[in-house]
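In what follows, every chain begins at residue 1, and chains take the letters A, B, ... in the order their sequences are listed.
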There are 2 protein chains.
Amino acid sequence: MPELQRVTIHDVARSAGVSVATVSKVINGRYGVALATSERVQAVIDQLGYESSLVARSLRSHRTNVIGVLVAEFEPFSTEILKGASQAIGGTGYELLAYSGGGRAGTPAGWERRYLSRLSGTLIDGAILVTPTVVDSGGAVPVVAIDPHAGPAGMPTVDSDNYAGAVTATEHLLGLGHRRIGFLGGRPDLESSRLREAGYRSALAAAGIADDDALVRVGGYRRENAQEPARELLTLPERPTAIFAANDLSAIATMEVAGELGLTVPEDLSVIGFDNVPESALVNPPLTTISQPIQRMGSAALELLIHLMDGGTDRPTHLRLPTELVERASTAAPRRR
Amino acid sequence: MPELQRVTIHDVARSAGVSVATVSKVINGRYGVALATSERVQAVIDQLGYESSLVARSLRSHRTNVIGVLVAEFEPFSTEILKGASQAIGGTGYELLAYSGGGRAGTPAGWERRYLSRLSGTLIDGAILVTPTVVDSGGAVPVVAIDPHAGPAGMPTVDSDNYAGAVTATEHLLGLGHRRIGFLGGRPDLESSRLREAGYRSALAAAGIADDDALVRVGGYRRENAQEPARELLTLPERPTAIFAANDLSAIATMEVAGELGLTVPEDLSVIGFDNVPESALVNPPLTTISQPIQRMGSAALELLIHLMDGGTDRPTHLRLPTELVERASTAAPRRR
DNA sequence: CTGTTAGCGCATTCAT
DNA sequence: ATGAATGCGCTAACAG
């Protein structure tokens with residue numbers, strides 16, 4: 001079928017009877033064009049519905065006023081970031097471009113480096129990397145990382161206070177009267193996971209409760225991986241009365257396992273999660289959790305990035321946003337025995 | 001500061017002691033390169049961390065394996081679409097690029113046409129337009145529209161059954177015993193908004209309730225725009241006992257205004273929304289709403305688009321997905337007076 | 001097998 | 001005030 005061709009600057013030039021250069025000047029509002037000519041060209045542009053190609057323009061001028069948000073996948077966390085960035089971009093004169101490969105397959109690791117190489121220097125003037133595993137920016141354009149897996153190392157970073165959040169979660173359980181509190185950790189190779197465990201241990205220590213490694217398991221942040229360790233914790237001879245899961249998905253898995261074992265939440269077992277993803281409000285009972293201000297992390301990252309792109313150097317390049325306890329219905333005082 | 005320059009194909013060529021064309025051949029796996037040369041070039045590529053520029057490549061070859069999702073803004077609806085598209089793109093060999101301008105300013109209308117012009121023909125091989133107001137694709141690349149504001153006219157479309165959903169919502173309120181039911185509409189120029197209002201009116205008529213324009217306001221689908229008209233409805237001499245808001249964001253705005261006015265939901269006022277975005281489950285009380293299968297609309301659009309890009313012509317180009325009532329806690333029987 | 005040549009659509013000197 | 005020439009990074013002919 002005869003696909004209509006895109007109208008290019010050449011078509012406009014020919015149609016207006018001027019040169020390509022003149023059209024370019026009109027578009028970019030440069031000096032050196034007679035008013036009459038300018039108006040005629042503008043009329044043709046409107047009539048043809050011409051719009052300059054981002055690609056060609058950027059290849060030439062190396063500036064696009066476009067900011068890239070690079071993600072591994074569009075899932076709840078990254079789309080919340082997008083919402084936050086989208087709110088913050090109003091009035092800045094920039095536009096947003098979010099890029100993601102096709103799911104996880106074929107993206108071994110280091111997707112962020114690939115995407116950055118493919119887009120930077122030409123298509124985008126700066127980038128926000130969402131939960132990157134690699135921290136080497138490559139240096140082509142300014143980059144801000146959100147919640148990098150290895151912690152803030154070198155590049156400007158926005159994350160939330162994992163340590164304080166974990167302390168809060170543990171203190172919440174302590175405040176309810178729990179003394180035997182289990183911890184279902186994330187992946188030991190991730191900074192966020194390490195910090196959450198550290199917060200848990202330190203809150204226990206502050207309450208004068210001895211460390212007990214029997215109550216600590218690795219859940220890996222994923223539902224399937226968390227179920228077995230959750231079962232181990234809940235079948236311990238001296239079962240914990242509460243469990244702090246390192247993220248909401250493992251907390252949900254824990255509640256599922258509890259159900260299978262005939263335990264009622266929160267009467268027999270209190271469960272608290274971390275992240276406050278939308279799903280956490282939908283489970284039964286609704287999950288008490290620690291909320292990360294994900295949208296605000298997105299807008300903060302965007303503002304920091306623009307500051308950096310403008311050559312600013314006078315701001316802290318590491319923003320740590322506070323976490324917050326969200327009390328729902330999965331925690332309660334332990335049953336007296 | 002000395003920003004490191006992007007590594008270009010020239011750097012690779014020079015470093016490997018071959019011509020630019022040879023490097024290009026190696027990258028694209030074309031015939032006509034000696035194994036030894038190929039390996040040497042590949043080694044240099046790895047060492048330098050070179051990745052070809054999407055922009056330059058697309059300008060030249062007019063094919064990128066990238067699908068564009070063009071949205072006015074990253075808000076709950078469009079990001080759900082993104083999630084759906086993201087799921088469906090796995091294994092297709094395409095990558096996803098979502099594009100949005102900077103908020104509403106300077107984007108009078110027709111943003112979709114502008115974005116399409118800027119990106120198509122070069123950067124993206126096909127596009128999904130999310131709630132576009134203009135239905136003229138321009139013809140440069142295959143396009144699928146999701147929930148177009150003017151209804152399915154000409155271009156391939158995916159939407160949901162707005163009319164039936166609105167009838168369901170209104171009947172739900174009627175079934176609870178409400179008789180004075182307000183409607184907080186979207187933008188009158190949008191087809192979805194008109195259909196939702198039509199469904200509302202027709203359900204009222206079927207119940208033998210006379211039309212009352214005093215109970216109908218325009219909320220514009222956005223939180224800020226909806227607050228004032230919501231306030232008007234709730235301060236009416238004879239206040240409605242229930243409000244059907246044309247989308248979840250306006251429903252949430254309505255609940256906020258109700259709170260300011262000292263009204264309790266659902267005791268003093270029932271509120272029902274439309275869309276079932278994740279946020280609707282997180283507000284207090286959780287919002288009763290009409291669910292559109294938004295993620296499925298995203299994946300359906302992606303599949304239809306790829307079919308079209310492959311030259312397929314044997315599928316219906318208009319998909320209408322069903323809506324469904326999701327009962328949560330923002331609706332109840334009216335209080336007796 | 002490999003290098004040379006010629007654009008893709010556009011913005012920018014530099015002439016005229 | 002306008003146009004011709006040049007190059008951005010890359011791929012596709014073709015020539016050697």
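A donor-acceptor contact closer than 3.5 angstrom is absent between the side chains of B:Arg187 and B:Ser193.
Scanning atom types as modelled, one donor and one acceptor separated by under 3.5 angstrom connect the side chain of B:Arg60 and the base of C:dG7.
The nearest heavy atom of DNA chain C to B:Tyr31 and to B:Leu59 marks one nucleotide each, and the one closer to the 5' end goes with B:Tyr31.
Comparing atom distances between the B:Val33 side chain and each of C:dT2, D:dT11, D:dT2 picks out C:dT2 as nearest. Among the nucleotides C:dC1, D:dT2, C:dG9, the one closest to the side chain of B:His62 is C:dG9. Comparing atom distances between the B:Arg30 side chain and each of C:dC8, D:dG9, D:dA12 picks out D:dA12 as nearest. If you check C:dC10, C:dT12, C:dG3 against the side chain of A:Ala56, the one that comes closest is C:dC10. Listed nucleotides: D:dC8, C:dC10, D:dG3. Nearest to the side chain of A:Lys25: D:dG3.
Residue A:Ser24 is classed as a base contact, given a heavy-atom separation below 4.0 Å to a base. At a threshold of 4.0 angstrom between heavy atoms, the contacts of A:Val18 are confined to the sugar-phosphate backbone, with no base atom among them. Across all strands, B:Ala21 comes closer than 4.0 Å to base atoms (heavy-atom distances). When heavy atoms are screened at a 4.0 angstrom cut-off, B:Thr37 is found touching the sugar-phosphate backbone but no base atom.
Counting to the nearest Å, the C1' atom of C:dT2 and the CG atom of B:Asn28 are 16 Å from each other. Taking atom CD1 of residue B:Ile27 and atom C1' of nucleotide D:dC10, one finds them 9 Å apart after rounding to whole Å. The distance from atom CZ of B:Arg14 to atom C1' of C:dG3 is 17 Å, rounded to the nearest whole Å. Separating the CZ atom of B:Arg118 from the P atom of C:dG9 is a distance of 16 Å, rounded to the nearest angstrom.
The phosphate of C:dG3 has OP1 or OP2 within less than 4.0 Å of a side-chain N or O from B:Thr22. For the OP1/OP2 pair of C:dC10 and a distance below 4.0 Å, the side-chain nitrogens and oxygens of A:Arg57 include no atom meeting the criterion. Of the side-chain N and O atoms in B:Tyr50, none sit less than 4.0 angstrom from OP1 or OP2 of D:dG9. OP1 and OP2 of D:dC10 both lie 4.0 Å or more from every side-chain N or O belonging to B:Ser61.
Of the possible polar contacts, one joining the B:Glu75 side chain to the B:Phe77 backbone as a donor-acceptor pair under 3.5 Å is found. Using modelled atom types, one side-chain atom of A:Ser61 and one backbone atom of A:Arg57 make a donor-acceptor pair closer than 3.5 Å.
A salt bridge links B:Glu95 and A:Arg114; the closest N-O separation between the charged side-chain nitrogens and carboxylate oxygens is under 4.0 Å.
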Would you check, one step at a time, whether the test salt bridge (charged side-chain N to carboxylate O under 4.0 Å, His left out) holds for B:Glu303 with B:Arg315? CA-CA 11 Å; B:Glu303 282 157 14; B:Arg315 281 201 201 175; 5.5 Å; no

